[in-house]
Amino acid sequence: MCGDLRASDAGQPVVVMGWVNRRRDHGNLIFLDLRDRSGICQVVLDKELTPDGHAKGEAVRPEYVVAAVGKVRLRAADAINPKMVTGEIEILATELRVLNDARLAPFSPAEDAIQNEEVRLKYRYVDLRRMEMQRNFRLRHEITRAIRDAMSAQGFLEIETPILCKSTPEGARDFLVPSRVHPGEFYALPQSPQIFKQILMISGFDRYFQIARCFRDEDLRADRQLEFTQVDLEMSFPRQEHVFAVVEKFLSAAFAAAGVSLPTPFPRITYDESMRRFGSDKPDRRLPEMTDVRAAFTDENLATLQIDPALPVVAFRIPNVGELSRKEREDNWPMFDKNKGAKFIDDFKRLAKGFPDSAARVRELAGAAEADFVIIVAGDPAHHIKASDTKFEGRLSEREINVYAAAGNFRTELAKKYADRHKAFEVTEQVVREADPQQAKLTGEMIDGSQAFHPMWIVDFPMFEYDVATGHWVPAHHPFTAPHEHDMQNLESDPASVRANCYDLAMNGLELGSGSIRIHRKDVQQVIFKSLGISEEEARQRFGFFLDALEYGTPPHGGIALGLDRIVMLLAGAANLREVIAFPKTAKAIDLMADAPTGVTEQQMKELHLRVQLKT
Ligand code: ASP
């Protein structure tokens, strides 16, 4: 392969095939940079040695597909290119064959950064030829393989589950497929293999996994796609710890495949603690934590500042931002979510004028340095949101959670905006840049990822959340999540107090996965359906097969699913999932290359017993 040739190959006869990356015509000598998936090497066409090859070389253009026959030779000292791994050698061709010509594409894979993403997606086959993309997909392959190996080593069987099936509730809209054979009836594409993997436990497989494709019809964001891939697993007779240990094994194997070491076990915190410290259930631990600064204010201070004294008063700091003008601060204001019943103070100079002691104390409590941007977030009595005030000893109320979340979201957005100044994310970029999957494979040598990647288990989520519209407590997770053993008796009498036996895995501000110990009793499952407002009849119709299965000897079971695309995105150092999915959809849910979705023929519609009625 082009990229494999080294000085030690000098003298070897070779045949290389690939694409013309660049061509330089020096009269009697033509240089072709030939590219295949392994890399690039230089081919020399000397008019004297191969007049025919040289003539063909004059006609080839970028992205022509050629074969070069020749001999590897060392370059002259002054022609060595230290930037190329093949820079010490070149191939002196004795023959050139043009295997195919190529139209001029709107961009060249030889370019590093192509700004126009729509063009990249339309000509995806040209885009994927770029070395960066080739690297991303090789990495994806290595990671997936490492996960498969790690799961097999732990006794898990990979079993496929149907794509055409019945709705699985994961909180998104279903994609539906009309049945030709059964007029008016539809299959749903799986939002996840959830019900099937539970049935596999009832079927006695004990440990299942699958690199599974899931489909959710929802609005796309940078870290979402309509179809995505999960590392999905389920096991019988587990406790949370068992699931954690399995995930820690396969995830550290996945990181190792990328050349990065990831220490285990991962730390754990409760949902409440995560909200308090990070204002989020997917904390980014590369940034300083939030601080409770209630103690910096007297009750009178709070009254003057119109801050709700019963709700949290927190501060967070973005390091090294330096002084901001009023205009610069104002530009940040739209990032603050005003619908959470909270307000913020970002003008410290002004605060220090009116409340010098409080201002000084806040900075001290937050551990703020001179150049740090400090923001206080607190409850706004003028904009109380509708939420439950139910409060349990030692637990956060919904209103409190909202104030923390407002602070946490603002913190994340500002941290993204000022990344150049606080530089907290650079350590990750550096580790990803320096990691060498090939080296790791050969020698087991890895780069230390402990400062760059911060996995964290979040546990003890509330089981229900208050739905202000209906005044009901509704399950906050998919309806197969078991409640905490202790809280079981409160399920109907006092839903707000019930904690779920579920867990999330977060890393660097991303949710990598979530799972739970499942309900394995039919009576409990029915209570949960009921609390979701699903009647017995509807439950029968939608999940009857599953409720039946629960009655035929169901072992206690639990599992989790991790987003494979996200794992690869993190390890590729990519800013977007589209960089690690070969044929992704745009933010408008379009496949620009294949031009999907599109209309279908009358005949097809007829066969499917469908008629489209567009809204005018
Ligand atoms: N099915 C869940 C999901 O897709 C994961 C799980 O509970 O195992 O998020």
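Read the numbers this way: they start at 1 and go in the same order the structure lists the ligands and their atoms. Just so you know, these numbers use all the heavy atoms, side chains as well, and skip hydrogens, waters and symmetry mates.
Ion pair Glu132/Arg130 flagged as a salt bridge, since at least one NZ, NE, NH1 or NH2 atom sits closer than 4.0 Å to an Asp/Glu carboxylate oxygen.
Of all the atoms in ligand 1, the ones that sit under 4.0 Å from a non-hydrogen atom of Gly515 are 6 (C), 7 (O). Distances below 4.0 Å separate heavy atoms of Gln230 from the following atoms of ligand 1: 3 (C), 4 (O). The contact set between ligand 1 and Glu170, taken as ligand atoms under 4.0 Å from a residue heavy atom, comprises 1 (N), 2 (C), 3 (C), 4 (O), 9 (O). Taking a cut-off of under 4.0 Å to the non-hydrogen atoms of Lys197, the atoms of ligand 1 that pass are 6 (C), 8 (O). Near Ile560, the atoms of ligand 1 lying under 4.0 angstrom from a non-hydrogen atom of the residue are 8 (O). Per-residue contacts place Arg518 under 4.0 angstrom from the following atoms of ligand 1 (heavy atoms of the residue considered): 6 (C), 7 (O), 8 (O). The atoms of ligand 1 that sit less than 4.0 Å from any heavy atom of Ala561 are 5 (C), 8 (O).
Residue Asp232 has no nitrogen or oxygen atom sitting less than 3.5 Å from a nitrogen or oxygen atom of ligand 1, judged on distance alone.
Considering His478, Arg216, Gln191 only, the shortest heavy-atom separation from atom 4 (O) of ligand 1 involves Arg216.
In the model, Asn501 has a side-chain atom that pairs as donor or acceptor with a side-chain atom of Gln240 under 3.5 Å. In this model, no donor atom of one side chain and acceptor atom of the other lie less than 3.5 Å apart for Tyr271 and Asp504. When only modelled atom types and interatomic distance are considered, Thr161 and Gln210 share a side-chain donor-acceptor pair under 3.5 Å.
Relative ring orientation between Phe244 and Trp457 is described as parallel, the plane-to-plane angle staying below 30° on a 0-90° scale split at 30° and 60°. Ring geometry for Phe545 versus Phe196: interplanar angle of 30 to 60°, hence tilted.
At the top of the distance list for atom 5 (C) of ligand 1, counting protein heavy atoms only, stands Ser514 O, 3.2 Å.
Residue contacts with ligand 1 leave out His477, since none of its heavy atoms falls under 4.0 Å from the ligand.
The side chain to side chain contact (heavy atoms under 4.5 Å, CB included) with Phe255 is formed by just one residue from the set Ile447, Leu262, Ile143; it is Leu262.
Counting heavy-atom neighbours within 6.0 Å of Phe186 CZ, excluding the residue itself, gives a total above 12.
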